[in-house]
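First comes the structure, then the notes that go with it.
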Amino acid sequence: MAVHLESGDDVVIIEGTVTKFTTENIDPVLALQLDQAYLAKYGMEHGLPIWKVKPRVVFGWTRFPDNTTRWLFK
């Protein structure tokens with residue numbers, strides 16, 4: 001899976017594997033805590049599913065190609 005910011009100027013691209021959390025495989029207390037945090041920040045509920053990305057490689061820059069950076073994760 002690849003995740004990126006909407007901006008074309010300040011770029012962060014995350015590539016990695018994803019886990020989908022649903023009512024079948026998430027602790028209900030954790031799901032409630034995540035939903036409350038989302039509600040507090042954005043003023044709306046998120047609900048399930050929740051996706052977790054485990055990064056393999058991340059790219060970022062603000063002035064391509066002058067300050068392009070790559071981070072590798074194991």
According to a hydrophobic-cluster definition based on side-chain heavy atoms being under 4.5 Å apart (Ile, Leu, Val, Met, Phe, Trp, Tyr only), do V11 and L5 belong together?
no
Same cluster (ILVMFWY, side-chain, under 4.5 Å), I13 and V18:
no
Mind jotting down which residue pairs meet the ring pair (Phe, Tyr, Trp, His ring centres under 6.0 Å) criterion with at least one end in residues 4-36? Sequence neighbours excluded, please.
none
Side-chain donor-acceptor pairs of residues 28-44 under 3.5 Å, sequence neighbours excluded:
unit_1 : atom_1 : unit_2 : atom_2 : d
D35    : OD1    : H46    : N      : 2.8
D35    : OD1    : G47    : N      : 2.9

Without placing hydrogens or testing angles, list every side-chain donor-acceptor pair under 3.5 Å for residues 48-67, not counting sequence neighbours.
unit_1 : atom_1 : unit_2 : atom_2 : d
R56    : NH2    : E15    : OE1    : 3.2
T62    : OG1    : N67    : ND2    : 2.7
N67    : OD1    : T62    : N      : 3.2
N67    : OD1    : R63    : N      : 2.9

